[in-house]
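So you know, we letter chains A, B, ... as the sequences are listed, proteins then strands, and number each from 1.
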Amino acid sequence: MTVRTDALPTQEMTINMGPQHPSTHGVLRVILTTDGEVVTRAVPDVGYLHRGLEKIGERVTYAQFMPFTDRLDYLAAMNCNCAWAWAVEKLAKIEVPERAEYLRVIVCELNRISSHLIAFGSYTADMGAFTPFLYAIRERERVNDLFEMLCGNRLTYNYARVGGVSGDAPPGFLEKTKEFLDYFEPKLDEYNNLISYNKIFVHRLANVAVIPAEEAVAYGLTGPNLRGSGVPFDLRKDEPYSVYPKFDFKVCVGTGERGTPGDCFDRYMVRINEMRESVRIVRQAVARIPDGPVMAKVPRLFKPPAGEAYFRSECPRGETGIYLISDGSVNPFRLKIRTGSFVAMNIFEKVTRGLMIADIVAVIGSLDIILPEIDR
Amino acid sequence: MGLKEYMNDIVEAVTTTAKGMRITARYGVDPKEEVTLQYPEERWEIPAGYRGFLNNDVKTCTACTMCVKVCPVDCISLESVRGADKKMVLASYDINIGRCMYCGLCVEVCPPKSLKHTSGYEMASVARGELILHFIAEDAAEIKARVARQVAEAAVKAEAAKAADLSSDLSSEAARAAKEEAAKGEPKK
Amino acid sequence: MEAQAIFDTLKGKFGDAVVELQGEGFSPAFVVVAPAAVKEVSRFLKEDPGLSFDVLMCLSGVDYKEKFAVAYHLHSLKRRHAIGMKAFLPRETPSLPTVDDVWPGANFHEREAFDLFGIVFEGSKDLRRILLPEDWEGHPLRKDYKYPDFYHGIKV
Amino acid sequence: MSHDPAHGTPPGKGGAGASAPFVASAALGPEAHVMVGNADLFVNWARKSSLWYLLFATACCGIELMQAGASRYDLDRFGAVFRATPRQSDLLLVAGTITHKMADRVKRLYEQMPEPKYVIAMGSCANTGGPFYKDSYCVVKGVDLLIPVDVYIPGCPPRPEALIDGIMKLQKIIMQRKNYGAKA
Amino acid sequence: MEALARSLMNAVPLLAGVPLWAVTLLLIVAAAVVILVFALTFEGVGSLVLRKVAGDIQARIGPNRVGPNGILQFLADGVKLVLKEDIIPANADRLLFKLAPYFVFVGSFAAFVVVPFGVGLIAADLNIGIYYVMAVTSLVVVGVLLAGWASNNKWALLGGMRAAAQIVSYEIPVGMALIPAVLVAGSLSLQDIVRSQGGLLGIFGWNLFHNPFSFFSFFLYFTAAQAETNQTPFDLPEAESELVSGYNVEYSGIRFGLFFLAEFGDMFIVAALATACFLGGWNVPFFHAATLPWIWGNLLSLGVFLAKAFTMVLIMMWVRWTLPRLRVDQLMRMAWKYLVPLTFINLLGVSLWLLVFKGKGIPAMIASLFG
């Protein structure tokens with residue numbers, strides 16, 4: 001707390017970047033103590049969207065908890081659905097048919113694209129350029145149309161089931177997906193020309209809030225935040241689950257292109273490149289999807305064997321780990337969901353020391369946090 | 001900050017800005033790029049499986065309360081009373097769409113497939129009460145009363161029928177007894 | 001390295017502080033540790049070159065009806081292996097030493113376990129409620145938690 | 001304006017239509033029957049056609065609100081621009097779950113808005129607590145326990161079209177409002 | 001104005017008895033009303049055009065349901081803002097809070113006086129034209145600072161501080177970038193500057209093509225002016241996403257409306273100065289507007305001037321919807337390390353050019369080659 005006591009004694013100002021602020025990506029409150037524009041301490045205060053999801057998990061059955069996983073991370077609802085399904089299948093050792101796994105990979109990667117689109121769009125909107133945000137939402141609308149055709153809802157899909165998926169792909173779905181991929185791939189280069197390499201944008205992001213590799217590992221960062229610091233750890237490659245080993249894709253790592261590795265620009269560019277990789281995965285999956293059933297034989301009142309399992313899958317915002325304890329009854333006994341945003345918020349206070357107020361907004365955007373994942 | 005970097009900064013700033021503005025200009029000039037759907041006039045055609053407001057076809061519904069049990073939010077409230085012919089008669093069937101989360105679990109679990117998603121989504125209302133859809137027009141109490149009367153009538157008819165059977169049994173009893181006497185009487189000769 | 005091998009090295013080093021290995025039915029096996037020895041065991045798990053568990057994936061409080069437990073899920077980026085560590089706590093005064101100096105990432109997880117279970121982590125940098133409002137009574141994720149009727153005059 | 005949610009308006013015609021279960025068509029607000037003079041018409045027209053909504057997105061409905069404001073559904077056609085401060089906005093669109101920790105913030109936001117202000121409860125969470133009605137200990141069961149609500153939009157999350165339908169219904173209500181002349 | 005008043009009095013016998021000063025006062029008030037009406041309608045229509053241009057660029061339609069094709073949108077906004085509740089925060093500095101919007105609006109509206117709309121269409125052809133504009137537009141800084149301080153809100157305070165730092169430090173490049181036009185025309189009055197770009201050289205008479213330095217100073221002026229009017233690459237004072245809309249956080253109703261109008265007023269002033277000083281003002285290319293009879297000459301020149309000014313405004317809007325926002329320290333670095341040195345070098349270049357070529361630009365020299 002450096003208080004300059006030379007001629008004019010100045011005092012620090014505490015500002016409430018309160019629960020309602022245009023660029024906190026939801027109801028996050030950051031208590032800033034600033035010395036003019038320079039922030040000396042930024043303490044995040046979370047919990048404004050805590051809805052007690054884990055308590056609900058203990059009171060509903062395994063199948064009934066699936067719609068609640070949509071509300072866990074509503075920008076990547078498919079990934080959370082499938083994470084819950086995979087976790088229960090790992091606990092109860094259920095064999096899922098091949099076509100269901102392919103469908104799950106297709107929808108998870110499509111949802112990763114639409115989640116990164118919102119991350120990219122809202123990040124540029126926080127930096128002041130509002131137009132790329134609307135282009136990103138326009139692309140996201142086309143992904144919504146695909147999901148609406150597949151499972152009947154635009155945002156809270158409730159598509160996966162324990163043992164498979166709720167419904168097979170309607171006719172024309174795979175063609176429409178291919179059509180979307182061909183339409184979407186050139187758009188990424190257009191975004192890069194429009195905003196990613198724009199001088200002002202680069203100056204706002206490069207060398208801001210640098211997270212070195214070992215600090216990212218120590219704080220348990222995962223996903224694009226970890227890969228942005230140069231650690232090539234991707235669960236789909238290093239702890240492969242479902243049918244991911246069948247596809248070849250590159251793990252995008254931050255290389256310090258426009259500044260030092262691990263700065264905001266790297267995390268941003270990792271997400272842009274990851275969208276390209278997801279397009280490649282979905283192309284391969286659509287080309288090689290086998291026929292067959294989409295649902296394994298699972299009794300309606302499903303009672304898994306007693307035991308404990310920890311399953312983690314690669315969600316757009318980092319690793320979503322589900323620690324599931326079952327005592328053999330219809331309801332889960334204990335359910336702990338560990339998410340990427342929760343851990344990203346943990347490092348927020350250390351990273352934002354000495355930055356300016358405009359950079360606080362940049363750091364929130366680069367960590368790509370989302371509040372229901374933090375508060376659950 | 002060497003002079004070369006200084007000039008490079010300026011040149012890079014101008015070129016990247018120009019590249020960005022060329023793209024926004026292309027969108028600005030080209031009317032084909034516009035994707036707006038003027039909602040009240042043009043509407044997005046809803047795909048087949050869309051999970052809109054729920055609708056229960058009351059005739060085929062067998063009041064088996066499977067949907068009430070499976071709903072994670074308890075937004076379906078159902079009252080039924082046992083009819084004369086032992087089948088359940090629906091007294092009232094309400095779905096509170098203000099609380100429903102449109103997850104579709106009830107539609108999957110409904111045995112007679114009477115509960116289905118419609119493609120409706122426009123039900124903005126002024127009072128919170130209007131968010132409760134009532135699928136049975138009549139008031140629940142009237143239906144209960146009517147069914148109770150039917151059950152009572154059926155019971156009375158059953159009583160009468162039983163009484164009639166009883167008496168017929170008696171008479172047939174008596175007739176058989178008489179026949180037996182006759183039969184017993186005859187073989188002694 | 002296999003869970004059994006990890007358990008043996010720990011058993012060798014810490015003796016009776018390491019109670020047992022929950023292997024069967026637990027998909028990452030759990031090493032059960034006495035609460036007092038949590039800090040030393042975790043420091044050893046992190047620093048030992050053979051194990052080098054440098055990532056604390058998840059720290060969760062569990063209410064086993066008659067006793068509490070804190071479950072740590074550890075993963076090593078270098079060795080690419082994972083292990084679970086569990087410490088059982090009495091139900092009345094659930095408290096154990098903190099690990100946020102070993103893994104800085106543990107602070108938010110510990111605050112959440114304190115907030116939702118009431119497990120006190122001694123020596124923690126900043127142990128406050130994280131998810132619930134400051135003036136909330138009770139710890140919701142306990143099995144015997146009764147929902148409050150009103151909060152600030154609003155019906156719960 | 002908050003009242004017991006259980007009581008419903010008496011049902012209209014019997015028989016379940018194929019798509020529209022019969023609910024009495026929503027009455028157009030408490031002052032539907034009032035005769036509105038010309039001055040009111042002009043003032044109400046002005047208020048109706050520049051509804052600046054507060055950028056207040058707490059949960060999933062916030063994403064649908066953003067998509068309603070974006071290119072395909074374009075709320076800007078109705079003159080509805082998003083404003084960052086409650087001082088300049090006249091429509092509080094509660095989009096998402098309101099938890100108890102957030103409750104007094106919502107009240108403060110509502111009180112900071114200058115007077116002719118309207119509230120739309122968007123989505124099940126804002127209407128009645130939605131998916132978290134039964135088992136959640138920290139969700140406010142409906143935002144009308146905190147602030148008076150003008151229009152409820154069902155849906156979880158409601159489509160952007162449902163949001164625009166709700167806003168158009170609010171515009172009809174605004175057109176009915178009587179500002180000048182003797183109070184009826 | 002006196003000459004006009006005297007000619008009016010001779011023409012109209014009825015006015016003979018009225019003292020001269022009364023007639024001139026009446027004329028001045030009439031001119032002021034005309035300009036105020038023009039300014040307010042431009043600012044209203046400007047806000048609608050801004051949202052239409054934004055819609056176009058962002059692949060959507062702007063406001064089109066209020067009135068035929070959205071024309072009455074600004075009227076609806078204006079009436080609604082006037083009828084809003086008048087909120088003054090509890091322990092805000094009430095007097096300064098009320099005063100701030102008027103400073104900002106007066107600051108931006110007073111500059112309309114010297115805008116050369118047409119051959120004779122100018123409110124007051126001050127001989128210190130540009131100097132007067134620079135002086136008056138700096139009143140906006142005072143207004144914004146007052147708004148930031150008086151509304152007793154930390155965000156507003158930060159917004160006000162940023163505005164003060166930004167506008168003050170961008171006054172210098174704006175001023176320096178306009179001086180080349182003054183040097184070429186040899187007078188501060190805007191009418192003279194515009195007349196100096198006339199002649200039958202057509203487009204090449206413009207200051208823009210006079211010499212490479214003045215060509216370069218047009219772009220410097222445009223960037224610095226974009227900062228002067230708080231447009232997006234430099235809209236830090238009311239940064240929507242950082243400071244919850246900066247200095248006008250606590251303003252609602254018509255007070256916010258005044259800030260809103262003043263912003264568009266500034267945009268027009270900046271565009272008008274750019275047209276007058278670099279793009280030949282009301283000069284019709286290859287045609288001498290003054291030769292036409294009185295009415296047509298003015299109308300034609302007014303039309304040409306407005307066309308050029310509106311294209312400049314559209315270009316500012318186009319830049320506004322493309323670029324992200326600078327950070328405060330980058331803003332200062334750009335002003336003091338890039339714009340100020342460049343404008344000084346530019347100024348040196350222009351003056352050396354005029355010294356060496358005795359005041360003739362490249363087009364003039366080429367024209368003289370061909371006789």
Side-chain angles (χ1 to χ4, degrees), chain B residues 27 33-44 46 50-61 71-75 77 92-104 114 116-139, chain D residues 1-24 26-30 71-74 77 120-121 124 127-135 142 144 149-156 158-170 173:
Chain B
Y27 278 105
E33 288 290 347
E34 182 214 303
V35 290
T36 306
L37 193 78
Q38 312 226 16
Y39 161 60
E41 290 79 26
E42 306 152 13
R43 285 169 184 263
W44 176 252
I46 305 283
Y50 179 69
R51 300 204 301 258
F53 297 137
L54 289 164
N55 172 38
N56 187 6
D57 182 1
V58 184
K59 291 172 198 54
T60 53
C61 173
C71 178
V73 179
D74 289 356
C75 62
S77 55
S92 86
Y93 190 93
D94 305 339
I95 296 181
N96 182 350
I97 55 170
R99 203 190 308 162
C100 169
M101 60 198 238
Y102 302 91
C103 54
S114 70
K116 272 199 242 349
H117 280 289
T118 65
S119 63
Y121 50 82
E122 293 148 327
M123 195 82 81
S125 58
V126 174
R128 184 156 130 168
E130 274 140 30
L131 296 178
I132 297 171
L133 306 181
H134 309 282
F135 286 89
I136 306 279
E138 277 172 281
D139 192 12
Chain D
M1 215 122 99
S2 84
H3 42 71
D4 172 22
H7 92 84
T9 50
K13 56 177 177 31
S19 73
F22 43 89
V23 160
L28 285 179
S71 302
R72 174 177 289 182
Y73 298 102
D74 197 5
R77 289 180 292 127
I120 287 187
S124 298
N127 293 341
T128 59
F132 310 101
Y133 181 82
K134 198 159 69 114
D135 297 328
D144 52 8
V149 171
D150 291 308
V151 173
Y152 297 89
I153 303 180
C156 188
R159 293 179 63 89
E161 286 106 325
L163 172 62
I164 295 177
D165 173 52
I167 288 179
M168 286 168 70
K169 192 168 299 293
L170 177 70
I173 291 172

*Go through the atoms of D/Pro158 and report whether side chain, backbone, both or neither lie under 4.5 Å from a heavy atom of chain B.*
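Neither part.
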*Heavy-atom distances under 4.5 Å only: say whether D/Arg72 touches chain B with side chain, backbone, both or neither.*
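The answer is both parts of D/Arg72.
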_Top contributor to chain B contacts, counting heavy-atom pairs under 4.5 Å, from D/Ser71, D/Gly129, D/Gly166_ =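 Winner by heavy-atom pair count: D/Ser71.
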*Can you say whether the rings of B/Tyr121 and B/Tyr39 are parallel (under 30°), tilted (30 to 60°) or perpendicular (over 60°)?*
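Tilted, since the angle between the ring planes falls between 30° and 60°.
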*List for me each residue that meets salt bridge (Lys or Arg N to Asp or Glu O under 4.0 Å) alongside B/Glu33, sequence neighbours excluded, and say none if there are none.*
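For B/Glu33 the salt bridge (Lys or Arg N to Asp or Glu O under 4.0 Å) partners, ignoring immediate neighbours, are A/Arg138, B/Arg26.
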*asked:* Quick check on B/Tyr93 against chain D: is it the side chain, the backbone, both or neither that has a heavy atom closer than 4.5 Å?
replied: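 Neither part.
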_Contacting region of B/Cys103 [heavy-atom separation from chain D under 4.5 Å]_ =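 Contact with chain D is absent: no heavy atom of B/Cys103 under 4.5 Å.
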_Among residues at least two apart in sequence or on other chains, which ones pass side chain to side chain donor-acceptor pair (under 3.5 Å) with B/Glu34?_
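In terms of side chain to side chain donor-acceptor pair (under 3.5 Å), with neighbours along the sequence ignored, B/Glu34 is linked to no residue.
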_Looking at chain D, which one of B/Glu122, B/Glu42, B/Met101, B/Arg99 has the largest number of heavy-atom pairs inside 4.5 Å, strictly under?_
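If we count pairs closer than 4.5 Å to chain D, B/Arg99 comes out on top.
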*Does B/Lys116 come within less than 4.0 Å of B/Asp57, counting only side-chain N to carboxylate O?*
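Salt bridge: no.
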_Side chains of B/Asn55 and B/Thr118 only: does a donor on one sit below 3.5 Å from an acceptor on the other?_
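No.
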